[in-house]
Amino acid sequence: DVTLRLKGLTKTYLQGTPGEVRVLRGADLELRAGEAVALVAPSGAGKSTLLHIAGLLDTPDGGSVQIAGQDMTGKSDRARTAVRRQDVGFVYQFHHLLPEFSALENVTLPQLANGVAEREAEARAMELLERVGVAARAAHRPAELSGGEQQRVAFCRALANRPSVLLADEPTGNLDPGTADQVFDALMDLVSSSGLSALIATHNLDLAARMDRVVRLEGGVLRPAA
Ligand code: ADP
Ligand code: ADP
């Protein structure tokens with residue numbers, strides 16, 4: 001059961017100029033439901049480019065992206081946005097929560113935008129906040145939360161609409177090592193309890209080793225890491 005299939009992705013920046021960078025040269029990847037895969041890459045190797053293409057924030061020059069059984073090649077912006085909102089969750093190094101809203105509201109709002117009724121959306125949000133241990137902080141705004149708590153809330157927001165794929169770019173990279181470890185455990189617990197697949201970029205090889213497998217992006221292609 002493949003939730004994300006990347007096939008032969010190519011991407012070149014500044015094509016035809018002296019500054020041309022061939023970032024992706026035929027990148028392939030299949031993520032199965034329930035699987036957490038670590039993405040490791042030297043800085044500048046194209047990790048952000050790959051995550052943005054996989055998450056339908058950017059388009060490849062060649063190759064295809066298939067999410068939840070739908071091939072997105074040649075689809076309109078509107079169709080891509082609809083699939084991204086429903087089937088893709090993003091987490092970044094920085095939480096990107098809305099500062100004027102509470103933790104609960106930050107997890108509720110994306111569901112309302114997708115047409116979920118308010119009561120149901122709040123119940124789902126509380127369930128997620130409980131799962132990652134921040135239910136007691138539900139009424140607090142992001143600025144009133146610790147860095148680890150902010151990231152836990154960001155995970156809940158990413159999963160609020162029950163996406164089939166979670167894409168994370170250094171989700172604990174901003175935290176001190178002890179906190180990072182605990183917050184990462186919370187993320188793994190969410191992933192395994194929700195049955196989605198996750199592609200998680202990290203420079204931390206200890207965290208990478210705790211995922212189901214590790215792929216390395218280098219020279220524009222993805223390979224299993226030793
Ligand atoms: P990573 O996330 O692995 O650091 P990126 O995907 O951000 O890598 O970038 C890969 C390479 O492509 C880098 O050399 C970067 O400078 C270049 N690059 C990224 N975005 C652009 C852009 N919009 N225009 C030109 N070059 C870019
Ligand atoms: P960095 O990789 O430098 O840590 P961020 O993690 O803040 O940067 O974001 C990575 C990239 O994703 C940036 O180019 C940013 O503009 C883009 N981005 C962040 N959040 C969103 C979003 N909700 N929708 C679309 N693009 C986003």
Side-chain angles (χ1 to χ4, degrees), residues 3-31 35-67 72-77 80-81 83-84 87-97 147 150-151 154-155 157-158 163 165-175 177 180 183-184 187-188 191 196-226:
T3 56
L4 175 71
R5 179 176 283 125
L6 308 178
K7 253 167 110 173
L9 293 181
T10 57
K11 182 75 174 181
T12 300
Y13 291 113
L14 307 171
Q15 189 142 27
T17 76
E20 178 170 293
V21 204
R22 292 176 65 194
V23 179
L24 301 179
R25 301 165 179 247
D28 299 304
L29 182 67
E30 284 188 358
L31 292 191
E35 184 175 50
V37 175
L39 172 64
V40 299
S43 187
K47 180 194 67 174
S48 301
T49 300
L50 182 82
L51 290 173
H52 285 167
I53 290 173
L56 308 178
L57 290 167
D58 195 1
T59 49
D61 298 332
S64 64
V65 176
Q66 189 183 311
I67 293 182
M72 302 311 297
T73 310
K75 291 283 162 62
S76 66
D77 283 352
R80 292 161 55 80
T81 300
V83 171
R84 183 171 71 238
D87 276 307
V88 184
F90 283 99
V91 178
Y92 296 96
Q93 188 166 350
F94 182 69
H95 61 78
H96 293 296
L97 296 170
Q150 290 168 344
Q151 282 306 80
F155 300 161
R157 181 188 50 181
V165 178
L166 176 73
L167 301 172
D169 196 351
E170 294 281 344
T172 60
N174 197 26
L175 305 172
V183 168
F184 185 80
L187 178 59
M188 287 297 101
V191 169
L196 53 57
S197 37
L199 182 61
I200 303 175
T202 181
H203 288 302
N204 184 325
L205 297 182
D206 293 331
L207 295 186
R210 284 156 59 184
M211 289 182 242
D212 296 314
R213 61 192 166 96
V214 182
V215 296
R216 186 171 179 80
L217 175 61
E218 201 164 25
V221 297
L222 288 162
R223 290 202 181 86

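Fair warning: this is a prediction, and the values are worked out from it, not measured in the lab. First listed ligand is number 1; within each ligand, the first listed atom is number 1.
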With a cut-off of 3.5 Å and sequence neighbours excluded, list every side-chain donor-acceptor pair involving residues 53-63.
from: Asp58; atom 1: OD1; to: Lys11; atom 2: NZ; distance (Å): 3.4
from: Asp61; atom 1: OD2; to: Thr12; atom 2: N; distance (Å): 2.7

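- Judged as a side chain to side chain contact (heavy atoms under 4.5 Å, CB included), and not counting sequence neighbours, the contacts of Val23 are Tyr13, Val21, Thr49.
- In this structure, the protein non-hydrogen atom closest to atom 7 (O) of ligand 1 is Ser48 CB, 3.7 Å.
- Some N or O of Gly46 is nearer than 3.5 Å to an N or O of ligand 1, by distance alone.
- Close approach to Lys47 involves these atoms of ligand 1, each under 4.0 Å from a residue heavy atom: 1 (P), 2 (O), 3 (O), 6 (O), 8 (O).
- Contact between Ser64 and Thr73 at its shortest, heavy atoms only, is CB-OG1, 3.3 Å.
- Of the protein's heavy atoms, at least one falls inside 4.0 Å of atom 25 (C) of ligand 1.
- Residue Leu14 places no N or O, backbone or side chain, under 3.5 Å from any N or O of ligand 1.
- For atom 16 (O) of ligand 1, the nearest protein heavy atom is 4.0 Å or more away.
- Contact annotation: the side chain of Ile67 never approaches that of Arg80 to less than 4.5 Å [non-hydrogen atoms, C-beta and beyond].
- Annotation for Lys75: atom NZ counts as buried by contact number, over 12 foreign heavy atoms lying within 6.0 Å.
- Counting protein heavy atoms only, atom 27 (C) of ligand 1 is closest to Tyr13 CD1, 3.3 Å.
- Within a 6.0 Å radius of CZ in Arg223, no more than 12 heavy atoms belonging to other residues, nucleotides or ligands are found.
- Interface atoms of ligand 1 facing Gly44, defined by a heavy-atom separation under 4.0 Å, are 1 (P), 3 (O), 4 (O), 8 (O), 10 (C), 11 (C), 13 (C), 14 (O).
- Across Thr49, Asp169, Ile53, heavy-atom proximity to atom 6 (O) of ligand 1 is greatest for Thr49.
- With values rounded to the nearest 0.5 angstrom, Glu30 atom CD is found 12.0 Å from Leu222 atom CG.
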